[in-house]
There are 2 protein chains.
Amino acid sequence: MENEMKIFKDFLVSKSLKLTRPRKIILREVFQNHDHFTVDELFEQIREKHSNVSRATIYRTMPLLIDAGLLKQSLRCEAKDRYEHIYGHEKHLHFICDRCGKIIEIELKQLENILNDMAKEYDFKIREYNLGARGLCKECQKKTE
Amino acid sequence: MENEMKIFKDFLVSKSLKLTRPRKIILREVFQNHDHFTVDELFEQIREKHSNVSRATIYRTMPLLIDAGLLKQSLRCEAKDRYEHIYGHEKHLHFICDRCGKIIEIELKQLENILNDMAKEYDFKIREYNLGARGLCKECQKKTE
DNA sequence: TTAAATTTTGAGACTCATTTGCATAAAACT
DNA sequence: AGTTTTATGCAAATGAGTCTCAAAATTTAA
Ligand SMILES: [Mn+2]
Ligand SMILES: [Mn+2]
Ligand SMILES: [Zn+2]
Ligand SMILES: [Zn+2]
């Protein structure tokens with residue numbers, strides 16, 4: 001819990017930026033949230049706890065958390081970007097159900113290995129990657145139509 | 001060339017839709033373009049040939065081409081969706097350079113197999129998937145900073 | 001063929017997630 | 001304290017994508 005804060009602090013210091021109150025609140029809430037959240041959902045989550053942080057500040061903080069290696073913009077659903085924290089969270093891929101919107105997370109060590117091999121072959125330095133598949137989950141396949 | 005047209009026509013007929021002039025033009029230009037294009041780029045490409053097709057019609061036609069299995073929404077760059085035609089184009093993943101924007105296409109039979117295994121395991125029916133990695137291409141790694 | 005019914009289109013208005021400008025507030029220096 | 005620098009909140013701006021609607025094209029009915 002304090003680990004993330006330290007990483008963020010160090011990152012900010014390295015960029016001559018400061019760990020302000022809003023930034024602290026945002027970091028805390030990002031790590032309290034174990035979903036794939038939108039900025040708006042995060043905004044509501046923070047507001048419910050009476051902390052006052054503006055949407056603009058949240059939008060401005062997302063790239064900082066991403067650069068610090070703590071956050072990932074993991075998918076896009078219904079015209080909205082969704083994020084998830086990644087510190088201490090194994091890399092995974094997403095199966096997204098077109099019918100009910102459920103997101104299934106799946107480990108992918110194998111995939112990662114193959115990806116790394118390909119990157120080596122093409123001399124491409126991967127910073128981050130995303131793999132998502134859309135379709136129908138088990139339950140939704142059963143439903144008629 | 002006429003093959004795509006037939007597929008599109010058949011698809012439209014199956015949905016009681018018609019192969020109109022604008023839809024023909026859009027299909028032709030989509031298959032003339034071998035890039036990963038935005039709707040706006042396609043719009044310009046069509047307009048340069050004096051054909052008059054509105055942006056709205058292009059937006060409306062994209063999902064038709066996708067449902068017909070001819071087009072894929074393959075990546076998102078700088079807040080814009082990018083498409084590419086897929087009929088007669090092997091599935092592939094994208095390495096996207098953060099510095100110069102270059103897109104490298106890579107075969108992925110192996111990846112596909114693994115993905116299918118995972119889908120089977122979770123009983124998830126994949127409709128379409130996307131794999132993209134971001135980072136630095138060979139050339140950009142050499143550049144200083 | 002002509003008229004009515006249906007489908008598609010183009011143009012522009014609209015939406016809504018994200019970005020930006022700016023006046024104020026907080027923090028760091030002197 | 002006063003001065004400079006940085007970050008914040010608010011509200012306005014932006015812009016990709018969607019939607020409305022009257023006009024055109026096409027189909028069907030007569
Ligand atoms: Mn996830
Ligand atoms: Mn491609
Ligand atoms: Zn489902
Ligand atoms: Zn490059």
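So that the names make sense, note that chain A is the first sequence line, chain B the second, and so on, each numbered from 1.
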Between B:Lys18 and B:Ala56, name the one whose nearest nucleotide on DNA chain C is closer to the 5' end. B:Lys18
If I take atom NZ in residue B:Lys24 and atom C1' in nucleotide D:dT26, what distance separates them, rounded to the nearest angstrom? 13 Å
A:Thr20 has its side chain closest, among D:dC19, D:dA7, D:dG9, to D:dA7
Can you check whether B:Met62 reaches B:Gln73 side chain to side chain, under 4.5 Å on heavy atoms? no
At under 4.0 Å between heavy atoms, what does B:Asp81 touch on the DNA or RNA strands: base, sugar-phosphate, or nothing? sugar-phosphate
A:Phe43 has an atom CZ; how far is it from atom C1' of D:dC10, in whole Å? 11 Å
How is A:Val53 classified with respect to the nucleic acid when contacts are heavy atoms under 4.0 Å: base, sugar-phosphate, or nothing? sugar-phosphate
Mutual orientation of the aromatic rings belonging to B:Phe95 and A:Phe124 [parallel < 30°, tilted 30-60°, perpendicular > 60°]: parallel
Quick one: pull up CG in B:Asn3 and OH in B:Tyr87 and give me the separation to the nearest 0.5 Å. 3.5 Å
Hey, which of these two, B:Arg60 or B:Arg76, hits DNA chain D nearer its 5' end, going by closest nucleotide? B:Arg76
side-chain hydrogen bond (donor to acceptor under 3.5 Å, both in side chains) partners of B:Arg76, counting only residues at least two apart: B:Asp81
In whole Å, I'd like the distance from the CG atom of B:Asp40 to the C1' atom of D:dT18. 15 Å
Under a 4.0 Å threshold between the charged nitrogen and the carboxylate oxygen, would B:Asp35 count as salt-bridged to B:Arg82? no
Do the ring planes of B:Phe8 and B:Phe11 sit parallel (below 30°), tilted (30 to 60°) or perpendicular (above 60°)? parallel
Take the protein atom CD1 of A:Ile26 and the nucleotide atom C1' of D:dG9, then report the distance between them rounded to whole Å. 12 Å
A:Tyr59 OH to D:dG9 C1': how many Å, rounded? 15 Å
For B:Arg21 and D:dA25, give me the distance from atom CZ to atom P, rounded to whole Å. 10 Å
d(CG, A:Leu12; P, D:dA7) in whole Å: 9 Å
Should we say atom CZ of B:Arg47 is surrounded by more than 12 heavy atoms from elsewhere, each under 6.0 Å from it? no
Picking from D:dA7, D:dG9, D:dT26, which would you name as closest to the side chain of A:Leu17? D:dA7
Atom-to-atom span, NZ of B:Lys80 to P of D:dG15 - whole angstrom: 9 Å
Taking heavy atoms of chain A and a 4.0 Å limit, find me the 5'-most and 3'-most nucleotide of DNA chain C within that range. C:dA17 to C:dA28
